[in-house]
Amino acid sequence: MDLTCFLHPGWQPLIRPAPAKRDWMDATPESFAYRCLPLNIANAHGWELLNPCAFDACWNGQADTGAIAIRTQAEGPVASVATSLFGQGILTFHIPGIFRTPPGWNLWIGGSPNQPKDGIYPEQAWLGADWSPFTFTMNWRFTRPNHWVHFAAGEPICFFFPVQRALLDDIKPVMAPIDAEPGLLDRFQDWSRGRDAFVLRMANEPPPAPADKWQKHYYRGVDMTEKEQIEDHRTRLRLKPFDASAISWSLEPPAAVTSEAGAPAKTVNAAAPDQASKPDGPPSQTLLDLRKREWLLETLERQRGLSEQNATIERRAGLGSDEFLDRYYAANRPVILTGEMSGWPALAKWTPDYLKHAVGSKTIEFQGDRSKSDRFEIHKDAHRRQMPFDQFIDLVSRPGAGNDAYLTAYNSARNTEAISALHPDLGFPEKFLSRDVEQPNGMMWIGPAGTLTSLHHDLTNNLIAQVVGRKRLLVLPASEVGKLYNHLHVFSEISDLEDAALTLAQFPRLEHARFTEVTLMPGEMIFMPLAWWHQVRSIDFSVTITYTNFRWPNDGYRDFPAA
């Protein structure tokens, strides 16, 4: 089935498959809201149109069209995007596209599910998109006067998905006794008894690992006997992005990217690089070789995505060494490991106060003043700072500490002795790792909520163990490198994929990049394969340990073409 957005020259709608992520769900304790599969599916059940430029709006309570004031946050075509067209406290967005569905299909149009906005509400509508030659407007109605509402650049302003027009007409709703479906009463009672016993056990003996605090039957599509109920049970949606390859009009060139020194920074296009930068052969042949490699990576990734199993990052418990090697390590495929840290004392003991007293005033090295540069990852040496450990913990525990101070793996060699007092609280995943290395206890990361590890890939396979707090990871396959503006070593020109100022006009290839969002909980590990791209943001005060000392070869960095 095709869903087409026809574009007049000059129309540049920002459309993406809707993500399941919600900030308020991240903020729930242990991100428990994501355990509700119906919420996750609803959040991602369509596509989102994004606001192209930031602005504020306020309604004075009157009914006329002049009752809404709009003020811009930066230069941008706000007047052509949002306006007061109908009065009645309604803010109107003009949608630059004509959508077409197959015959008999409408578009449901509204706001993104489970995404409330204070002071204003998205109106819902149905669009006869199988015939209409018209654009449509997305309307938001203020819910109280004299309240300024902010719309950020890149924020979803419209959510849509196709629905069959006659579907509801053909549905015959009925009520029936529970025993009218054979076996339903027994299965319900089994669940009810199991649920009561589970709630009682959680109250009396709460487990330390978050993964053990919910039953997961509905999430996995099984009943209390672990029997699969349907063959096409879904735990996530993978909607395709809109394919813009047929669009050929000339667009305005993106604004020049400025380097930290103030001079224009060169944008490197991985699909069509600067030929002069490749002295080892005729430019035309070099370009052709690179295009072939890009084609191969993209084609292999599309083929890999044909399998629903390959399209997700699995969560596995009780994984053995051989299966881990065959299915994930050798296959260059990430996996989240649950239960492997369940016996680690650190899960229960490591509060900021405990860490302070265990290490005391020993001097440690960390990355400081990171907020002064958005290229803190590239210029790590310039951000080296030293401080007594107990003072560092006070620094990163204060409210609003943000991304300014972070003890990272880059500081690990200088901190080994200082933090050795914490090692007895750690277990060791013998199934996957070797102790026969200089630092078998891994490399520690300690920082506040809001710390960011910018978009990059590593030159080794990594095992990331989350000990304290939660982290949100955006993960992309190695094959997506051509869409990620890999301008220097292992880094991207894009420091933060969630930056509200990020636009597809600046980075158009990013529109079709496929990424998976992961919330890593305390007591969980994620295997991050060599060359997979990822960025990591702490949701809470966080302690993480990264291991590279696998039982199998992990030396991809040796022949990496750095220049």
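Since the model is a prediction, treat every value here as computed from it, not as a measurement.
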Work out which heavy atom in [X] is nearest to a heavy atom in [Y]; give both atom names and the distance.
{"X": "Asn332", "Y": "Pro529", "result": "ND2-CB, 3.2 Å"}
{"X": "Pro388", "Y": "Ser361", "result": "CB-O, 3.6 Å"}
{"X": "Ala418", "Y": "Lys362", "result": "O-CD, 3.7 Å"}
{"X": "Pro440", "Y": "Arg435", "result": "CB-O, 3.8 Å"}
{"X": "Met525", "Y": "Pro429", "result": "CE-CG, 3.9 Å"}
{"X": "Met444", "Y": "Leu407", "result": "O-CD2, 3.2 Å"}

Item to check | Passing option when Arg236 is tested against Ile313, Asn40, Thr312 for side-chain contact (heavy atoms from CB on, under 4.5 Å) | outcome: Thr312

Checklist entry - What pairs of residues pass the ring pair (Phe, Tyr, Trp, His ring centres under 6.0 Å) test when at least one of them lies in residues 433-452, not counting sequence neighbours? => result Tyr406-Trp445

Item to check | side chain to side chain contact (heavy atoms under 4.5 Å, CB included) between His217 and Glu226, intermediate numbers included | outcome: CA-CA 8 Å; His217 292 97; Glu226 296 293 318; 3.6 Å; yes

Between the side chains of [X] and [Y], is a donor N or O closer than 3.5 angstrom to an acceptor N or O?
{"X": "Tyr410", "Y": "Asp381", "answer": "yes"}
{"X": "Ser397", "Y": "Asp394", "answer": "no"}
{"X": "Gln386", "Y": "Thr363", "answer": "no"}
{"X": "Asp223", "Y": "Thr225", "answer": "yes"}

If the plane angle is over 60° it's perpendicular, under 30° parallel, otherwise tilted; pick one for [X] and [Y].
{"X": "Phe560", "Y": "His489", "value": "perpendicular"}
{"X": "Phe392", "Y": "Phe366", "value": "tilted"}
{"X": "His534", "Y": "His456", "value": "tilted"}
{"X": "Phe507", "Y": "Tyr485", "value": "perpendicular"}
{"X": "Tyr547", "Y": "Phe428", "value": "perpendicular"}
{"X": "Tyr218", "Y": "His233", "value": "perpendicular"}

Next on the checklist: With side chain to side chain contact (heavy atoms under 4.5 Å, CB included) as the criterion, how do His487 and Ile378 come out once you've worked through the C-alpha distance, each side chain's angles and the decisive distance to 0.1 Å?
Outcome noted: CA-CA 11 Å; His487 71 311; Ile378 295 175; 4.2 Å; yes

Checklist entry - Got a sec: does the CZ of Phe515 have more than 12 other heavy atoms crowding it under 6.0 Å? => result no

Item to check | salt bridge (Lys or Arg N to Asp or Glu O under 4.0 Å) partners for Glu231, two or more places apart | outcome: none

Item to check | Aromatic ring proximity, centroids under 6.0 angstrom, Phe550 and Phe527 | outcome: yes

Item to check | Residue pairs involving residues 198-209 (criterion side-chain hydrogen bond (donor to acceptor under 3.5 Å, both in side chains); sequence neighbours excluded) | outcome: none

Next on the checklist: Check this for me: does any side-chain nitrogen of one of Arg551 and Glu430 sit under 4.0 Å from a carboxylate oxygen of the other?
Outcome noted: no

Checklist entry - Is there a side chain to side chain contact (heavy atoms under 4.5 Å, CB included) between Met528 and Leu473 once you walk through the steps? => result CA-CA 11 Å; Met528 189 65 62; Leu473 294 81; 3.9 Å; yes

